[in-house]
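Worksheet for the structure shown next.
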Amino acid sequence: MRKHATAIGRALALGMLALSDVVLVALAAVAVALSFGLGMIFMIPPMAWLIRRRTRLGRRLNGTWLGAETQAPYLPPPLPTRPQPDGWYRHERRLYKTPRWPDWNKRWLWMISDPATWRDLLWLLLNPVIAGALLLLPFAVIGYCLVTPWHPNPVAMSLGLGAAVAAVVAMPWLLRGYGWWNRLLLAPTAKSVLAGRVQRLDQVRLAAVDSQASELRRIERDLHDGAQARLVAMGMTLGAVEELMEKDPVAAKALLGKVREASSTALTELRGLVRGIHPPVLAERGLGDAVRALALDSPLKVTVTVDLKTRPESPVESAAYFSISELLANAARHGGADRVWIDISAQDRALRVTVTDDGSGGADPSLGSGLRGIERRLAAFDGVLAVSSPSGGPTTATFDLPTALLTGGGGDKKPKLPRWKVTVIGICWGLGWLPLFPQGMAALVLKLTGQSELSWFYALYLPEPWQWPAIIFNIVLGVSMYATAMLLPIRHSRQRWMAEATPSRLWFCR
């Protein structure tokens, strides 16, 4: 009973909210007419913002009340206009002294060219009709039957009242259908998902280029300050040896000993530099053994657990290895930890690594620590990093690299259409003709032509004020059933594609 009472309350609230959309539709119609009729295009951005506020509320209620979480489908906003070398701002073929008008023009074009803007407008236009038919019509019929004297045909009135009561009882399922309708027009499209992914890949590309440049500068600095300086010193020492070879063989021999020590030190530094670029043990033995070797060199007590059936690709291994190395170094330098636990496992086709230490905690990526570098490194592989580091410890860092493994537990199997969806599709294809054609279109023709032969068209037995709503409801129901039968498989395929294509988000929790 509590479930049905909650569903009825939510249905009434959503239905009344949908009826209030009529005012917003009228305002949108006026704004569109003035914008394209009189050229008052400045009315489009505030109107689009108002509509998006309404659809944002619809998506939030769709997730919290109806259990159908819906993400925003809008294309990424345009980037701010950057000045040219001469200080002017260009938009198409025009130059501006300030970025105000270029940014406004780009934002206006962004709203107009975004298909989600027009899908929001279509949803806003149809939402009062759909919500009224699904959520408010049963309550209206019951109210009409309670306050209106019985029709001379009590059978028709009883049938209508019984259907309305049954609809109220089935309100949780009607709410689910209304949630599906919201997702149909308010959910992201493949184009918006692809545009967001392209923008994110551009950002990742810039971050990768910056990271690569900084890595090259580090290698150049290490070579210049380390091995190169030692090799120069060795050359100068060998020159001195040549001069002392005949005059003072003992001193020349001592200098040769120093040259040998310098060459050994330079070789050690070069090997360390090579390990910093790509450790040989990582290329030869894989991620698990490379992390175990890293743990042996650490001053901390490190426990490594590896559960990988397949080996990731070399770039993924390198990113995971250096991320683990940075987390281990942070635990030793900043966390004051004594023990570290490293777990490397496969989650379907994703590579998951968890590093936990018993340090003092307080790690915050926003402070510019090495966690930012890990974030940039993982971003190239759609990596997700989560850090939990309360004050006093412990610190737990977990990162996932999706699709890092070539095979996984059922990861290559395409999910089949759920059984309930197959059942709904069969019912819609099998019974959709009944409300659409005989009870909808045929009753509409009889109503328009004024035929006295009512036959079995139940809508024509209702009181006069309710005949047209019943006919329209039958037509809408039939069209909705056929649309459901066609769109459910399409929606299932799209959701699977977007689940594979949606870029992962880097997030942190303290």
Under 3.5 Å, which donor-acceptor pairs link side chains of residues 477-488 to any protein atom two or more places apart or in another chain?
| unit_1 | atom_1 | unit_2 | atom_2 | d |
| --- | --- | --- | --- | --- |
| S480 | OG | V476 | O | 2.6 |
| Y482 | OH | W433 | N | 3.2 |
| T484 | OG1 | S480 | O | 2.7 |

Donor-acceptor under 3.5 Å (D358 side chain, A337 main chain): no
Whether T395 side chain and S389 backbone form a donor-acceptor pair below 3.5 Å: no
Within 6.0 Å of CH2 in W468, more than 12 heavy atoms from elsewhere: yes
Where P128 and D21 come nearest, the two heavy atoms and their spacing: CG-CB, 4.1 Å
Smallest separation among heavy atoms of F381 and P315, with atom names: CZ-O, 3.6 Å
Chi angles and distances behind the side-chain contact (heavy atoms from CB on, under 4.5 Å) call for N105, R100: CA-CA 9 Å; N105 290 329; R100 177 181 177 184; over 6 Å; no
Donor-acceptor contact below 3.5 Å, side chain R10 vs main chain W65: yes
Within-4.5 Å side-chain heavy-atom neighbours: M111 and P45: yes
Identify every side-chain donor-acceptor pair in residues 168-178 under 3.5 Å, counting partners at least two apart or on other chains, and give the distances.
| unit_1 | atom_1 | unit_2 | atom_2 | d |
| --- | --- | --- | --- | --- |
| Y178 | OH | N127 | OD1 | 2.7 |
| Y178 | OH | N127 | ND2 | 3.4 |

Set of side-chain contact (heavy atoms from CB on, under 4.5 Å) partners for L125, sequence neighbours left out: V25
Minimal non-hydrogen separation, P312 against L351, with atom names: CG-CD2, 4.2 Å
Ring-face cation contact, W118 with R52, 6.0 Å cut, 45° max: no
Rounded distance [0.5 Å steps], CZ in R56 versus CZ in R59: 8.0 Å
side-chain hydrogen bond (donor to acceptor under 3.5 Å, both in side chains) partners of D400, counting only residues at least two apart: R352
Side chain N474, main chain A470, donor-acceptor under 3.5 Å: yes
M40, CE: over 12 other non-hydrogen atoms inside 6.0 angstrom: yes
Electrostatic pair D114:R119 at N-O distance under 4.0 angstrom: no
Close side-chain approach of W108 to I44, heavy-atom, < 4.5 Å: yes
Min side-chain heavy-atom separation L66-L14 under 4.5 Å: yes
Pairing residues for W180 by the side-chain hydrogen bond (donor to acceptor under 3.5 Å, both in side chains) criterion, not counting sequence neighbours: none
Rounded distance (nearest 0.5 Å) linking atom OH of Y96 with atom CH2 of W104: 10.5 Å
Close side-chain approach of L124 to T55, heavy-atom, < 4.5 Å: no
Residues I427, I425; criterion side-chain contact (heavy atoms from CB on, under 4.5 Å); working and verdict: CA-CA 6 Å; I427 293 175; I425 292 173; over 6 Å; no
Side-chain heavy-atom pair L378, S323 within 4.5 angstrom cut-off: yes
Exercise: do D343 and T305 side chains pair donor with acceptor under 3.5 Å: no
Listed partners of R90 passing side-chain hydrogen bond (donor to acceptor under 3.5 Å, both in side chains), at least two apart: Q84
With V340, the side chain to side chain contact (heavy atoms under 4.5 Å, CB included) member among T356, L327, V355, I324: V355
Heavy-atom side-chain contact between L287 and V306 under 4.5 Å: no
Interatomic distance, L24 atom CG to L121 atom CG [nearest 0.5 angstrom]: 9.0 Å
For the student: nearest non-hydrogen atoms of F473 and A133, plus distance: CE1-O, 3.6 Å
R54/L50 under side-chain contact (heavy atoms from CB on, under 4.5 Å): CA gap, chis, key distance, verdict: CA-CA 6 Å; R54 172 64 183 94; L50 189 60; over 6 Å; no
Nearest-0.5 Å distance, CD1 of residue I342 to CG of residue D357: 10.0 Å
Closest non-hydrogen atom pair, A31 against M47: CB-CG, 3.8 Å
For I51 against A28, the heavy-atom pair lying closest together: CD1-CB, 4.1 Å
N182 vs W123 side-chain heavy atoms within contact, under 4.5 Å: yes
Atom pair OG1/CD1 of T354 and I344 - distance to nearest 0.5 Å: 9.5 Å
V424 vs C428 side-chain heavy atoms within contact, under 4.5 Å: yes
Inter-residue atom distance D103.CG - T81.OG1, 0.5 Å rounding: 4.0 Å
